[in-house]
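Note sheet for the following structure.
One-based numbering, in listed order, for ligands and for the atoms of each.
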Amino acid sequence: MNYDLFRALHILSVIAWMAGLLYLPRIFIYHIQNHDKAEVTSVFRMMERKLIKLIMNPAMIAAWIFGCGLIYIDYKARGAGFLTQAWFLTKIAGIIAITGWHHYLTVTFKKLDRGEDIGSEKYWRIVNEVPFVIAIIMVLAVTLEFGA
Ligand code: HEM
């Protein structure tokens, strides 16, 4: 029961987190396209700030809390063996990568907010695939549990 409830809450937090991670760079693109229109960029700036503060940061914290809860429940149920299995190590690598990506996006927002250059539209269109690729790897790691 506890495990399934934590799993549900973990997946819901991850959905909200991923939505933010995938949407923020889209707003960056609109922001870059309209960089010379102060009235328009002030709206994008507010959207970016709200998305980070109200959705992405809380969702990341919740995903971490429920994810760590799942690690604890797994540990109680099956011992420490899974901690060194390939699927779990892959998941850990994914967690580091996606949390790092979140950090990169928030640092980028601060730069944009100060009026600094954050790269081209094309760059953001391409790198916006990064979190989705990481997510695919993470979901396959936990569902297939390869190397278990
Ligand atoms: C932020 C830190 C995270 C931690 C500490 C964490 C940890 C965990 C753990 C321990 C499990 C249970 C694995 C099992 O016993 O089978 C789990 C399940 C899951 N995680 Fe995460 N995770 C995190 C982030 C993410 C992210 C970013 C994604 C997707 C992009 C994700 C997707 C999933 C899914 C879909 C499941 C459910 C798998 C299933 O049982 O069917 N997690 N997570």
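- For CD of Glu116, the number of neighbouring non-hydrogen atoms (other residues, nucleotides, ligands) closer than 6.0 Å is greater than 12.
- The number of heavy atoms from other shown groups lying within 6.0 Å of CZ (Phe146) is above 12.
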Pairs of donor and acceptor atoms involving the side chains of residues 91-101, under 3.5 Å and at least two apart or interchain, shall be tabulated with distances.
from: Thr99; atom 1: OG1; to: Trp64; atom 2: NE1; distance (Å): 3.3
from: Thr99; atom 1: OG1; to: Ile95; atom 2: O; distance (Å): 2.7

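- Inspection of the Gln85 and Glu145 side chains reveals no N or O donor paired with an N or O acceptor under 3.5 Å.
- Once rounded to the nearest 0.5 Å, the distance linking CE of Met56 with NE2 of His102 reads 5.0 Å.
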Report each N/O pair between ligand 1 and the protein that falls under 3.5 Å, naming both atoms.
from: ligand 1; atom 1: 15 (O); to: Tyr3; atom 2: OH; distance (Å): 2.6
from: ligand 1; atom 1: 15 (O); to: Asp74; atom 2: OD1; distance (Å): 3.1
from: ligand 1; atom 1: 15 (O); to: Asp74; atom 2: OD2; distance (Å): 2.5
from: ligand 1; atom 1: 15 (O); to: Arg78; atom 2: NH2; distance (Å): 3.1
from: ligand 1; atom 1: 16 (O); to: Tyr3; atom 2: OH; distance (Å): 3.3
from: ligand 1; atom 1: 16 (O); to: Glu145; atom 2: OE2; distance (Å): 2.8
from: ligand 1; atom 1: 20 (N); to: His10; atom 2: NE2; distance (Å): 3.0
from: ligand 1; atom 1: 20 (N); to: Lys91; atom 2: NZ; distance (Å): 2.5
from: ligand 1; atom 1: 22 (N); to: His10; atom 2: NE2; distance (Å): 2.9
from: ligand 1; atom 1: 22 (N); to: Lys91; atom 2: NZ; distance (Å): 2.8
from: ligand 1; atom 1: 40 (O); to: Arg7; atom 2: NH1; distance (Å): 3.0
from: ligand 1; atom 1: 41 (O); to: Arg7; atom 2: NH1; distance (Å): 3.0
from: ligand 1; atom 1: 42 (N); to: His10; atom 2: NE2; distance (Å): 2.8
from: ligand 1; atom 1: 42 (N); to: Lys91; atom 2: NZ; distance (Å): 2.5
from: ligand 1; atom 1: 43 (N); to: His10; atom 2: NE2; distance (Å): 2.9
from: ligand 1; atom 1: 43 (N); to: Lys91; atom 2: NZ; distance (Å): 2.8

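- Residue Tyr123 places its OH atom among more than 12 non-hydrogen atoms of other residues, nucleotides or ligands, all under 6.0 Å distant.
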